[in-house]
Amino acid sequence: MPELPEVETIRAALAPLLVGRTVLAADAHPSPKFAAAPAASGQRVTAVRRRGKYLLADLAGPDGRARELVIHLGMTGQLGADLDPTGPYARAWWRLDDGSTLVYRDVRRFGRIAVVDAGDHRSLPTLDALGPEPFGADFTPDGLWRALARSGARVKTQLLGQRVVAGVGNIYADEALWRAGIHPGARRVGRARAERLHTAVRGALALGLANGGTTLRDYRTVSGEPGRNQDQLACYGRAGHPCRRCGTTLRRAVVDARGTTWCPRCQRA
DNA sequence: GGCTGGCCCTGTACGC
DNA sequence: TGCGTACAGGGCCAGC
């Protein structure tokens, strides 16, 4: 389940392999989720960026039109030059002018690939309405407090919604709420707790970034290596184990259809 | 317009 | 051993 730290780790490794390269040929699984991949053929990659959990490769075509190759890895998406383009779960591949082939593999097919005019994200509603980058200057404690106060939805649901902040998924949402001492089902978050949550979101994501991402099952870096952050998780996946802050047994429940772990003492409802 | 819940998708784990 | 079922969850969309 690649979230911001995992996608950023992949982006950093992918950029030197792709920037300056021209896509000579491409093919994709017929599913509408991936069928756009060949539209990158004939285009030169000028940059590889990330926005939230989306990878964006800037493309320059011979017609002078600027486009973007947009890739969302979904739950089980992987990108690599060493993957088999004829393998059973390969959903798309792009052959580059240096002889290498970038392969997109996605067992559960929750990912998505699109090629759009630069900056035109209307066909991708979540990307189009994405909130601030968590390490950007426009992600502020006050802005987070105001954004949370505008909605009556549960705080975890809001974090996962990508509007109050971009790039947070189930793992880092649980970690951030644990760090901030906020119950995932809370519907009202005061200014002080919003400030703690702001710090906690950045802290949880920064730790994930420093460790090259969290590998629970599928996530691999571009070179096929697992992340190291799974050993650092304080909350997610630790239900039934003692809280590392107070020793209380962590609980698990489903919050808005997402498995959720929290400490009933540190994170009171 | 915002919230909620269902659906997509397939490997894995578990119970019978 | 083999089969059936539940579960995992990000994004999208229909319904309220």
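Order of the sequence lines sets the chain letters (A, B, ...), proteins ahead of strands, with each chain counted from 1. Since this is a predicted model, take the numbers as computed values, not measurements.
Salt bridge status for A:Arg258 with A:Asp174: absent, with no side-chain N to carboxylate O gap under 4.0 Å. Ion pairing of A:Glu133 with A:Arg51 is present here, as a side-chain N (NZ or NE/NH1/NH2) and a carboxylate O approach within less than 4.0 Å. A salt bridge links A:Arg21 with A:Asp97: the closest approach of a Lys/Arg side-chain nitrogen to an acidic carboxylate oxygen falls below 4.0 angstrom.
Listed nucleotides: C:dG10, B:dT10, C:dC7. Nearest to the side chain of A:Arg252: C:dC7. The side chain of A:Glu3 sits closest to C:dG10 out of B:dT10, C:dG10, B:dC3. The side chain of A:Lys53 approaches C:dG10 more closely than any other nucleotide in the set B:dC3, C:dG10, B:dG11. Here the side chain of A:Arg154 is nearest to one of C:dG10, C:dA8, B:dT4, namely B:dT4. Checking B:dT10, B:dG2, B:dT4 against the side-chain heavy atoms of A:Ser151 singles out B:dG2 as nearest.
Atom NE2 of A:His29 is separated from atom P of B:dC9 by 9 Å (rounded to the nearest Å). Rounded to an integer number of Å, the gap from CD1 of A:Ile171 to C1' of C:dG10 is 12 Å. Rounding to whole angstrom units, CZ of residue A:Arg108 and P of B:dC7 are separated by 18 Å. Atom CZ in A:Arg112 sits roughly 12 Å away from atom C1' in C:dC13 (whole-Å rounding). Per the geometry, CZ belonging to A:Phe34 stands 12 Å off C1' belonging to C:dG11, to the nearest Å. Look at CG on A:Leu148: it is 11 Å from P on B:dC3, rounded to the nearest Å. Distance A:Lys156 NZ to C:dG10 C1': 12 Å, rounded to the nearest Å. The CZ-P distance, from A:Arg91 to B:dC9, rounds to 10 Å in whole Å.
A close approach under 4.0 Å does not occur between any side-chain nitrogen or oxygen of A:His72 and OP1 or OP2 of C:dG10. Within the 4.0 Å cut-off from OP1 or OP2 of B:dC3, not a single side-chain nitrogen or oxygen of A:Arg163 is found. Look at A:Gln162 and you'll find a side-chain N or O under 4.0 angstrom from OP1 or OP2 of C:dG11. Phosphate proximity of B:dT10 to A:Arg109: present, with a side-chain N or O under 4.0 Å from OP1 or OP2. Close to C:dG10, at under 4.0 Å from its OP1 or OP2, lies no side-chain N or O of A:Tyr54. Residue A:Arg258 places at least one side-chain N or O closer than 4.0 Å to OP1 or OP2 of C:dG10.
Under the 6.0 Å distance and 45° angle rule, A:Arg245 counts as a cation-pi partner of A:Trp178.
Closest-nucleotide positions on DNA chain B for A:Arg150 and A:Tyr89 were compared, and the one nearer the 5' end corresponds to A:Arg150.
The residue A:Lys33 sits apart from the nucleic acid: no heavy atom pair falls under 4.0 Å. Using a 4.0 Å heavy-atom criterion, one finds that A:Gly111 contacts no nucleic acid atom at all.
Atom CD in A:Glu8 sits 5.0 Å away from atom CZ in A:Arg50 (nearest 0.5 Å).
For the pairing with A:Leu14, the side-chain contact (heavy atoms from CB on, under 4.5 Å) check across A:Leu55, A:Val45, A:Ile71 returns one residue only, A:Leu55.
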